[in-house]
Amino acid sequence: MRTDEEQSRLAGSDARFRIHASGLLGKVLTFTAGAVLLVVAFMFSVMVLAVLVAVGLLGVGYLWWKTRDLRRQMRERPPGGHVIEGEVIRDTASRDEIRR
């Protein structure tokens, strides 16, 4: 079994961790510190998002730049060397007559 001292240490109720906002000044300072921490965390997250977007745009731009010659070649010379354009009309009735 654990002693009361171990229980209080595990629960985080050690004297080092007990900070109470006593009085109006303490509460105002606690609120101000919390608000400042929230603003700093928000600014940090916006900066991280901006960096990720910038890196993503640079990556897409790099791929677009590196594949421009390949895209030009694909437009000029399609795979297989030539393109046959047209329509195919298949008459199934005459084909059945030939088989008989």
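No experiment lies behind these values; they were computed from the predicted model shown.
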Nearest 0.5 angstrom please: [X] [atom1] to [Y] [atom2], how far?
{"X": "Q73", "Y": "T67", "atom1": "CD", "atom2": "OG1", "answer": "11.5 Å"}
{"X": "L24", "Y": "K27", "atom1": "CG", "atom2": "NZ", "answer": "8.0 Å"}
{"X": "R75", "Y": "L70", "atom1": "CZ", "atom2": "CG", "answer": "10.0 Å"}
{"X": "T32", "Y": "L37", "atom1": "OG1", "atom2": "CG", "answer": "11.0 Å"}
{"X": "M43", "Y": "M47", "atom1": "CE", "atom2": "CE", "answer": "8.0 Å"}

Query raised in the report: Donor-acceptor pair, R71 side chain versus W64 backbone, under 3.5 Å?
Result: yes
Query - Single-linkage hydrophobic cluster, 4.5 Å side-chain cutoff, L52 and F44 together - result: yes
